[in-house]
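First up is the structure itself, then whatever we jot down about it.
Each ligand, and each atom within it, is numbered from 1 in the order the structure gives. Just so you know, these numbers use all the heavy atoms, side chains as well, and skip hydrogens, waters and symmetry mates. Given the structure is predicted, the values throughout are model-derived calculations rather than measurements.
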Amino acid sequence: MKQASRTATLTLDGKSIELPVLSGSTGPDVIDIRKLYSQLGVFTFDPGYTSTASCESRITYIDGEKGELLYRGYPIDQLAEKSHYLEVCNLLLYGKLPTPAQLEDFTNRVTRHTMLHEQIQYFFRGFRRDAHPMAIVCGVVGAMSAFYHDSTDINDPWQREVASIRMIAKIPTICAWAYKYSVGQPFVYPRNDLDYASNFLHMCFAVPAEPYFVDPIIARAMDRIFILHADHEQNASTSTVRLAGSSQANPFACIAAGVASLWGPAHGGANQACLEMLREIGTVDRIPEYIARAKDKNDPFRLMGFGHRVYKNFDPRAKVMKQSADEVLGLLGIENNETLKVAKELERIALEDEYFIEKKLYPNVDFYSGIILEAIGFPTSMFTPIFALARTVGWIAQWKEMIEDPDGKIGRPRQLYTGATRRDYVDIEAR
Ligand code: SDX
């Protein structure tokens with residue numbers, strides 16, 4: 001972090017203090033308020049963190065006005081086109097594009113950690129078959145701290161590295177097995193001869209009764225979806241992982257906390273909610289009714305897959321996802337997919353509507369992803385687990401960055417208290 005040459009003056013009740021203004025490598029400067037309470041006896045108030053930087057990070061940067069997303073400085077559209085998910089994992093974890101030898105070593109390490117402890121199968125079997133796969137993923141990820149004791153010491157750099165590789169390697173197996181369990185099919189073990197995305201698809205859709213051929217077009221689309229979801233600054237689930245990690249909880253418990261936060265329909269659960277909304281709309285002629293509901297202050301309905309806290313222009317991931325939807329559905333021969341038609345018409349109408357223009361609401365990453373995932377063969381209940389699978393590397397990279405921050409401390413926000421002031425207990429006989 002670079003100390004800016006200027007300060008911000010804050011005057012309250014006749015007392016003025018100078019607060020340092022800090023600059024990063026790009027993006028808004030920040031006012032360092034760490035000494036505010038000790039100097040002025042007041043807190044800042046920002047419940048949704050709309051104007052608050054919770055940390056310093058070097059991993060991902062979003063320019064919401066330009067609609068730009070950079071992973072370690074590389075634009076998401078270039079990575080989606082030229083890279084692949086494990087290379088992006090390496091980039092997010094270590095900060096630079098790997099050499100061929102580094103990538104081969106990283107790929108081998110991940111490939112050889114994809115199996116789960118055999119006992120974990122019994123953990124799956126404790127769930128009802130109709131449990132939401134996110135409930136299973138959240139439970140099993142948390143349970144990993146009961147199986148991999150040799151990588152839970154957060155103060156040991158080697159154990160942090162092993163836990164990171166284990167999380168990235170095993171989350172596809174956990175998600176695939178959650179799906180298999182929900183459809184009553186036997187678990188399919190990972191295969192070391194398949195690439196990361198193909199292995200996930202094979203574990204999801206292969207059955208012991210016959211060989212399963214992974215379509216390379218589908219595998220490429222799956223890998224691209226993983227890249228687009230890998231990291232995204234201090235979103236709700238990543239902030240959850242950081243806060244959990246600040247107490248020095250083990251990495252598996254922290255990632256389970258991230259899974260739980262991502263599940264919400266306002267966050268990673270929006271991809272499932274969006275496809276269910278598109279299905280409910282059903283046909284293009286019913287779009288105006290839903291646009292009206294989204295604009296109605298008295299109606300809690302929102303257009304799922306629309307809007308974003310940071311992007312006040314298009315979400316660059318949605319652009320790539322839209323192109324990918326056209327490509328994948330075209331290659332699968334389902335161009336006249338009614339859901340895709342409704343999505344495109346809904347986007348067109350919304351982007352011409354004054355309400356959405358004034359509030360700068362654009363399609364986000366969740367708007368088109370479900371259409372591709374459904375075309376690949378996943379039920380809507382698997383959409384958010386796939387988001388969690390892809391985001392695991394971002395959570396782990398951000399968790400490692402926080403743990404390795406020499407200035408790190410436990411996160412402990414304060415509050416504006418508006419409850420009852422001190423009063424004495426009243427015996428029940430006197431009430
Ligand atoms: C993800 O943070 C991240 O980076 C998240 C994510 C990531 O990769 O980690 O990008 C992934 O979570 C994407 C977002 C997925 N969620 C949805 O698609 C759900 C629908 N979207 C909204 O719930 C909303 O847009 C949020 C939650 C995404 C953003 O909410 P904000 O920033 O808190 O904005 P807001 O709720 O204050 O809305 C501002 C205004 C409001 O109107 P006013 O009160 O000012 O009159 O815009 C309106 C809202 O009513 N609005 C919408 C809307 N989104 C916002 N109106 C209709 N439909 C919508 N989708």
Within the protein, residues bringing a heavy atom under 4.0 Å of ligand 1, chain by chain: His232, Asn235, Pro265, Ala266, His267, Ala270, Ala294, Lys297, Arg302, Leu303, Met304, Gly305, Phe306, Gly307, His308, Arg309, Arg317, Tyr355, Lys359, Leu361, Asn364, Asp366, Phe387, Arg391

Geometric cation-pi criterion, Arg414 with Phe43: 6.0 Å, 45°: no

Listed partners of Glu354 passing side-chain hydrogen bond (donor to acceptor under 3.5 Å, both in side chains), at least two apart: none

Residues that Ser239 engages under side-chain hydrogen bond (donor to acceptor under 3.5 Å, both in side chains), provided they are two or more places apart: none

Test item: side-chain donor near acceptor, Glu327 and Ser324, under 3.5 Å: no

By side chain to side chain contact (heavy atoms under 4.5 Å, CB included) - contacts of Asp285 (at least two apart): Thr283

Donor + acceptor pair across side chains of Gln272, His132 (<3.5 Å): yes

